[in-house]
Amino acid sequence: MEKLVIEGGVPLRGTIQVSGSKNAALPILFSSILLDHPVTFHNVPRLRDINTTNAMLKVLGRQASFCDDGGNSVRVAPGPLNPEAPYDLVKTMRASVLVLGPLLARLGRARVALPGGCAIGARPVEQHTKALEKMGAELTLDSGYIHGRCKRLRGADITFDFPTVGGTEHLIMAAVLAEGQTVLRNCAREPEVADLANFLRAMGADIKGHGGDEITINGVNGLAGGEYAIMPDRIEAGTFLAATAITGGECDIAGCPIGELTAAIAKMGEMGVTLEPHENGVLVRRSGPLRGADMMTRPYPGFPTDMQAQIMAMMTLADGSSTVEETIFENRFMHVPELMRMGADIRLSGSRAVIRGVRELAGAPVMASDLRASASLVIAGLAARGQTHVQRIYHLDRGYEHIEHKLEKVGARIRRERDD
Ligand code: EPU
C-alpha cells in the first residue's frame with residue numbers, strides 16, 4: 001500500500017490543469033457497448049476507475065485501452081458482445097451496474113453482478129431496475145446476479161422517485177436503441193448526465209431535454225462511431241480551489257468549468273475566497289481570513305455532495321462556526337474523525353456537522369476511507385503544521401489523476417511513499 005506524506009504550511013502558487021471528468025467518462029465509456037463502430041474518447045483521466053472500466057469493457061467483448069501515445073485518449077473497438085459482468089469487477093466499481101441496460105438493449109439478455117453498498121452508504125439501484133422493468137425487461141436476482149431478459153426494450157414513461165445520477169444515465173443508455181419514445185421525469189440535472197447525452201447525440205441518438213429534469217429519447221436503429229472529448233472534472237477543479245484557498249495561496253485553475261461549479265464557487269466566495277473567472281478557467285486567491293458558512297448538499301445545481309468533505313476541511317480553519325448538512329448519502333462523514341485527529345473541532349449529529357474554526361491544524365497520520373474524504377485529508381494536510389501521512393490512498397487514485405504531481409508543481413511539499 002502507499003501513502004502521501006505532506007509537509008503543510010506552504011501557500012500554493014502557480015497553474016493547475018484540470019483533467020477530464022471521471023464521473024462523465026465512466027458512463028460514456030460504458031455506453032460504447034451500444035455502438036457497432038470504433039470510437040475514440042479524448043480527455044479521459046488516467047485513473048484506476050478508468051482502468052476498471054476498460055477491463056469490464058474487455059470482458060464484455062470490446063477492445064478498450066488508452067492509446068499508445070501516453071496521452072488521454074481511449075479507443076474502443078467493437079467485437080462480439082458477452083452478456084455477463086462478473087462480480088470481481090462490479091465489486092471494485094459500483095458504476096459497472098450501468099452495463100445492464102446497454103447489454104439488454106443490444107443482446108436482449110444480461111447477467112450483471114448486483115453491486116453491494118460502499119463506505120458512503122447502502123447505495124441501492126432499485127430506481128434503475130424498476131425503470132428497466134417498465135421498458136419491458138424481466139429482471140430476477142439469483143446468486144448475487146441480476147438476470148435480465150427482453151425481446152426489445154420499448155419506450156416508456158418513467159418518473160424517478162428522486163433525481164438519481166446513475167439511474168438517469170442508465171435509462172438514457174437503455175432508451176437510445178429502444179422501440180419508440182421514452183420520457184424520463186424527475187431526472188438528475190448533473191452536467192455529467194448532459195455530457196453522456198451529448199456524446200450519444202453526436203453518435204446519432206435522438207435525445208432532448210438533457211440538463212433539465214425531463215428528458216425525451218426517441219429510439220433509433222443504430223449509432224455511428226467517431227470521436228468525443230470528455231468534459232473537464234468539476235469536482236477535481238473544486239478540490240484545487242479548496243486546496244489553494246486553505247493555504248492562502250494564489251493559483252490559476254486552468255480548464256475549471258466555472259459554469260458547472262457555481263454553488264461551490266458561491267460558497268467559497270461567502271467564506272472569503274476571491275475567485276476571478278477568465279476565458280479558460282479561474283484565478284483563485286485568499287488574502288483575508290476564511291469565514292464560517294452554512295452549507296447543505298443538494299442535487300445539481302445545488303452544492304455537490306462530492307465537494308462536501310473538501311469544503312469542510314476549509315471550515316475547520318474558518319473564523320466562527322459552520323454547519324454542513326449531508327442530504328445525498330447517509331454515511332458521508334468519515335473524514336470527520338480523521339480531521340479531528342488533526343485538531344479540528346467538529347460535532348456530528350446524524351446528517352449534520354457543526355464545525356468550530358480552530359487557529360491551526362496539526363499534522364498527523366490519518367486514514368483515507370473514500371475518494372472525497374481522502375481529498376479532504378490532503379487539503380487539511382496542506383494547511384496543517386508539521387507532517388501529515390494520508391494512508392490508504394488507493395481511494396484517491398480512483399478519482400484524482402497525478403494529484404501529488406499537480407500539487408507539487410504549485411509548491412506543495414508532498415510525496416508518495418510505500419506504507420508497509
Ligand atoms: N439511490 C437509491 N436508489 C437508487 C439510486 C440511488 O437509493 O436506485 C440513492 C443512493 O444510495 C444515494 C443517492 O440516491 O444515496 C444518490 O445516488 P445517485 O444515483 O444520484 O448517485 P450515483 O449515480 O450512485 C454519482 C456519482 C457519485 C456522486 C453522486 C451524486 C458516479 C460514478 N458517481 O453516484 O460520485 O456522489 O452521483 O452526485 O458518477 C464520487 O465521485 O466520489 C462519487 C461518489
query: Any side-chain heavy atom of Met315 sitting closer than 4.5 Å to one from Ile346?
result: no

query: Which residues satisfy the ring-ring contact (aromatic ring centres under 6.0 Å, His included) test with Phe199, sequence neighbours excluded?
result: Phe41, Tyr228

field: Partners meeting side-chain hydrogen bond (donor to acceptor under 3.5 Å, both in side chains) with Asn51 (sequence neighbours left out)
entry: none

task: Check the pair Val183 / Ile215 against side-chain contact (heavy atoms from CB on, under 4.5 Å), numbers first and verdict last.
output: CA-CA 6 Å; Val183 181; Ile215 302 177; over 6 Å; no

task: Decide whether Thr297 and Gln308 meet the rule of one side-chain donor and one side-chain acceptor closer than 3.5 Å.
output: no

field: Heavy-atom closest contact (Pro27 atom, Leu98 atom, distance)
entry: CB-CD1, 3.9 Å

- prompt: What pairs with Arg415 under salt bridge (charged side-chain N to carboxylate O under 4.0 Å, His left out), at least two apart in sequence or on another chain?
  reply: Glu417

task: Mark yes or no for whether Asn43, through its side chain, and Ile230, through its backbone, hold a donor-acceptor pair below 3.5 Å.
output: yes

- prompt: Under a 4.5 Å cut-off applied to non-hydrogen side-chain atoms, are Met340 and Thr316 in contact?
  reply: no

field: Which residues share a side-chain hydrogen bond (donor to acceptor under 3.5 Å, both in side chains) with Lys267, sequence neighbours left out
entry: Glu270

message: Do the side chains of Lys208 and Asp206 get close enough for a salt bridge, i.e. N-O under 4.0 angstrom?
response: yes

message: Going by side-chain hydrogen bond (donor to acceptor under 3.5 Å, both in side chains), Ser351 matches just one of Glu325, Arg332, Glu326. Which one?
response: Glu325

- request: Using a 4.5 Å cut-off on heavy atoms from C-beta on, say whether the side chain of Ile393 contacts that of Met1.
  value: no

task: Output yes when a side-chain donor or acceptor of Glu250 lies under 3.5 Å from a complementary backbone atom of Arg13, and no otherwise.
output: no

Atom pair OG/CE of Ser32 and Met203 - distance to nearest 0.5 Å: 10.5 Å

- prompt: Got a donor-acceptor contact below 3.5 angstrom from the Arg94 side chain to the Arg123 backbone?
  reply: yes

task: Run the salt-bridge test on Lys22 and Asp306 with the 4.0 Å N-O cut-off and return the result as yes or no.
output: no

task: Only counting residues at least two apart or in another chain, list the ones meeting ring-ring contact (aromatic ring centres under 6.0 Å, His included) with His210.
output: none

- prompt: Considering residues, nucleotides and ligands other than Glu330, do more than 12 of their heavy atoms fall under 6.0 Å from its CD?
  reply: yes

message: So that I can tick it off, tell me whether Asp397 and Arg48 are bridged by a salt bridge, with the cut-off set at under 4.0 angstrom between side-chain N and carboxylate O.
response: no

query: Should Arg372 and His395 count as side-chain neighbours, where that means a heavy-atom distance under 4.5 Å?
result: no

message: Taking CZ in Arg149 as the centre, count heavy atoms belonging to other residues, nucleotides or ligands within less than 6.0 Å. Is the count above 12?
response: no

query: Quick one: which of Arg416, Gln387, Glu404 gives a side-chain contact (heavy atoms from CB on, under 4.5 Å) with Val5?
result: Gln387

- line: Only one of Leu104, Leu171, Val176 passes side-chain contact (heavy atoms from CB on, under 4.5 Å) with Leu153, and that residue is Leu104

- prompt: Taking all atoms of both residues into account, what is the closest heavy-atom pair of Leu35 and Pro78, and its distance?
  reply: O-CB, 4.5 Å

- request: Indicate the atoms forming the closest heavy-atom contact of Cys67 with Arg46, along with that distance.
  value: O-NH2, 3.8 Å

field: Flag side-chain contact, heavy atom, 4.5 Å: Cys187 against Pro163
entry: no

- prompt: Between Asp294 and Thr323, is there a donor-acceptor pair closer than 3.5 Å when you use the side chain of the first and the backbone of the second?
  reply: yes

task: List in chain and number order the residues that pass side-chain hydrogen bond (donor to acceptor under 3.5 Å, both in side chains) with Ser369, two or more places apart in sequence or in another chain; answer none if no residue qualifies.
output: none

- request: Report yes if some heavy atom in the side chain of Ile235 is under 4.5 Å from a heavy atom in the side chain of Gln310; otherwise report no.
  value: yes

- prompt: Quick one: side-chain hydrogen bond (donor to acceptor under 3.5 Å, both in side chains) pairs with a partner in residues 61-80, sequence neighbours left out?
  reply: His42-Ser73, Asn72-Glu401

statement: Looking only at heavy atoms, the pair that brings Ser96 and Met56 closest together is CB-CE, 3.6 Å

- prompt: Quick check: does any side chain N or O of Arg152 sit under 3.5 Å from a backbone N or O of Leu177, one acting as donor and the other as acceptor?
  reply: yes

field: Pairwise side-chain contact, Ile172 with Thr182, heavy-atom cut-off 4.5 Å (strictly under)
entry: no

task: Without swapping roles, check the side chain of Asp195 against the backbone of Pro191 for a donor-acceptor pair under 3.5 Å.
output: no

Non-neighbouring partners of Glu276 that pass side-chain hydrogen bond (donor to acceptor under 3.5 Å, both in side chains), sequence neighbours left out: Arg285

task: Not counting sequence neighbours, which residues clear side chain to side chain contact (heavy atoms under 4.5 Å, CB included) with Pro257? List them please.
output: Pro232, Arg234, Ala237, Glu260

query: Do Ile253 and Leu241 have side chains that get closer than 4.5 Å, going by heavy atoms?
result: yes

- request: Would you check if the side chain of Arg398 reaches a backbone N or O of Ile50 as a donor-acceptor pair within less than 3.5 Å?
  value: no

- prompt: Can you tell me if Arg286 uses its side chain to pair, donor with acceptor, with the backbone of Ala245 under 3.5 Å?
  reply: yes

query: Is a side-chain donor-acceptor pair under 3.5 Å present for Asn23 with Glu192?
result: no

statement: Contacts satisfying ring-ring contact (aromatic ring centres under 6.0 Å, His included) that involve residues 131-180 (not counting sequence neighbours) are His128-His170

query: Closest heavy-atom contact between Ala384 and Gly363?
result: CB-N, 3.7 Å

message: Restricting to salt bridge (charged side-chain N to carboxylate O under 4.0 Å, His left out), what partner residues turn up for Arg106, sequence neighbours left out?
response: Asp36

- request: For atom CZ of Arg352, decide whether the heavy atoms of other residues, nucleotides or ligands shown that lie under 6.0 angstrom number more than 12.
  value: no

message: What's the separation between atom CD1 in Ile379 and atom CG in Leu12, rounded to the nearest 0.5 Å?
response: 10.0 Å

- prompt: Looking at Lys406 and Glu236, does any basic side-chain N land under 4.0 Å from a carboxylate oxygen?
  reply: yes

task: Check salt bridge (charged side-chain N to carboxylate O under 4.0 Å, His left out) between Arg111 and all other residues, then give those that pass, not counting sequence neighbours.
output: Glu84

- prompt: To the nearest 0.5 Å, how far apart are NZ in Lys91 and OG1 in Thr52?
  reply: 12.0 Å

- prompt: Side-chain donor-acceptor pair under 3.5 Å between His278 and Asp252, yes or no?
  reply: yes

- request: Output yes when a side-chain donor or acceptor of Glu190 lies under 3.5 Å from a complementary backbone atom of Tyr300, and no otherwise.
  value: yes

field: Steps toward salt bridge (Lys or Arg N to Asp or Glu O under 4.0 Å) verdict (Arg392, Asp419)
entry: CA-CA 8 Å; Arg392 297 200 183 169; Asp419 188 17; over 6 Å; no

query: Is atom CG of Asp157 surrounded by more than 12 heavy atoms (other residues, nucleotides or ligands) closer than 6.0 Å?
result: yes

field: Shortest non-hydrogen separation from Ala25 to Val44 and the atoms involved
entry: CB-CG1, 4.5 Å

